[in-house]
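Worksheet: the structure to be examined is printed underneath.
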Amino acid sequence: MKVLEAKFVQGFIRMCNDGWEQGWHERNGGNLSYRIKTDEMESVKEELVYTGEWQEIGTKVPGLAKEFFLVTGSGKYFRNVILDPKDSICIIEIDETGENYRILWGLENGGRPTSELPSHLMNHEVKKEISGGKHRVIYHAHTTNIIALTFVLPLKDEVFTRELWEMATECPVVFPSGIGVVSWMVPGGREIAVATSRLMRQYDVAVWAHHGMFCSGEDFDLTFGLMHTVEKSAEILVKMLSMRPEKLQTITPENFRSLAADFHVTLPEKFLYEK
Ligand code: 13P
Ligand code: ZN
């Protein structure tokens, strides 16, 4: 079948548009990547072209050798993906060393995959390993409220996790392992990719101070839902801090322990500190 007829491609395009509609993708902000399954690659092989030039990734991901990814293009706008996917996204192949990629489909008017490809691929490499191959989606968005919080909260995993958990009862169930925070760094390179993928060993969410967020998940629904849940919680926190910085009441560490028992999740004690 044609690439655009495949369910995984349609799911990818829908997710780009959902993110645009949330207001997380001004201009070319944000990027998305999906590690394609073998049978999905087989289903679209008629349109793939294996003569493109190999290009350097800018980092090394030997754990992803010979894998295939659907990725947004650098400088492309999420709002245009649904209108002109062939111009905005591409399928890439990773070579056997894990150091180079080539384009097999898409970006038909030229261009290259997202400038955050090192972060996407290093996160994929970590998540593929520790999830036993289950995680396939890495999503980067410029989520307004999380970004606002990086100016007023200490840039600590414990503080972001605890404050966001307190804002909505479902949060500790949706992201029980917590959230990591990367201090401001230059985006688009290997250094920020190394820092982010280190956090992805522990968490499914990494905040980039004054920039946005990265989320990892098994499929499009779970990964979009994770980004949405964290950002909504951040929105409640922003509203709460704007109304009255001191809480009158909140969810307590004891409440979290009861929730963990009933919902069968493990909440690390490092987030349940006394304030
Ligand atoms: P790209 O257009 O290269 O994907 O970059 C957007 C972005 O959000 C960089 O962090
Ligand atoms: Zn960005």
Side-chain angles (χ1 to χ4, degrees), residues 9 12-13 15-35 55-59 61 69-92 94 101-103 105-124 137-151 155 160 179-200 203-216 220 223-224 226-228 230-231 234:
V9 180
F12 184 98
I13 293 170
M15 180 153 159
C16 289
N17 205 57
D18 286 347
W20 156 247
E21 287 182 349
Q22 289 296 325
W24 301 336
H25 300 287
E26 77 292 340
R27 205 172 179 277
N28 64 309
N31 21 77
L32 176 64
S33 63
Y34 170 72
R35 189 166 55 83
Q55 314 275 348
E56 285 179 4
I57 296 168
T59 190
V61 284
F69 293 86
L70 183 58
V71 204
T72 50
S74 186
K76 300 295 180 181
Y77 291 25
F78 267 47
R79 65 187 281 260
N80 290 337
V81 171
I82 198 164
L83 298 175
D84 197 358
K86 276 188 186 168
D87 173 72
S88 308
I89 64 178
C90 61
I91 292 176
I92 59 167
I94 309 299
Y101 73 87
R102 65 178 169 183
I103 298 175
W105 173 91
L107 289 178
E108 64 178 7
N109 299 308
R112 56 186 180 89
T114 172
S115 58
E116 303 297 358
L117 194 63
S119 282
H120 278 261
L121 294 181
M122 290 192 84
N123 290 342
H124 273 294
V137 183
I138 298 289
Y139 182 29
H140 169 55
H142 293 177
T143 42
T144 316
N145 293 286
I146 277 285
I147 297 170
L149 288 174
T150 63
F151 294 93
L155 298 176
F160 268 75
I179 289 183
V181 184
V182 180
S183 300
W184 189 88
M185 291 177 82
V186 176
R190 184 179 135 76
E191 210 182 322
I192 197 165
V194 170
T196 312
S197 60
R198 194 174 292 142
L199 290 176
M200 284 290 179
Y203 311 115
D204 292 337
V205 184
V207 171
W208 278 6
H210 323 322
H211 185 144
M213 237 194 299
F214 265 85
C215 286
S216 172
F220 298 125
T223 314
F224 187 83
L226 178 58
M227 184 74 78
H228 201 187
V230 175
E231 172 59 7

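Just so you know, ligand 1 is whichever comes first in the structure, and atom 1 is the first atom listed for that ligand.
Environment of CZ in Arg102: crowded, with over 12 heavy atoms of neighbouring residues, nucleotides or ligands closer than 6.0 Å.
Panel note: side chain Glu116, backbone Pro187; no donor-acceptor pair is recorded below 3.5 Å. Listed for the Ser33 side chain is no donor-acceptor partner under 3.5 Å among the backbone atoms of Val71.
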Just list the side-chain donor-acceptor pairs under 3.5 Å for residues 17-24, sequence neighbours left out, or say none.
from	atom 1	to	atom 2	distance (Å)
Asn17	ND2	Glu21	OE2	3.4

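Listed by chain and number, the protein atoms of type N/O/S under 2.8 Å from the Zn ion (ligand 2) are His140 NE2, His142 NE2, His211 NE2; waters are omitted.
With respect to Tyr34, the ring pair (Phe, Tyr, Trp, His ring centres under 6.0 Å) criterion is satisfied by exactly one of Phe224, Phe69, Phe220, Phe12: Phe220.
Listed by chain and residue number, Glu67 satisfy the salt bridge (charged side-chain N to carboxylate O under 4.0 Å, His left out) test with Arg35 (two or more places apart in sequence, or in another chain).
Within the 4.5 Å cutoff, side-chain heavy atoms of Met213 are placed close to those of Val205. Inter-residue side-chain proximity for Leu107 and Lys76 is flagged as met; some heavy-atom pair is nearer than 4.5 Å.
Every protein residue with a heavy atom nearer than 4.0 Å to ligand 1 is included here: Asn28, Gly29, Gly30, Asn31, Ser74, Gly75, Thr114, Ser115, Glu116, His140, His142, His211.
For the residue pair His25 and His142, no side-chain donor N or O sits within less than 3.5 Å of a side-chain acceptor on the partner.
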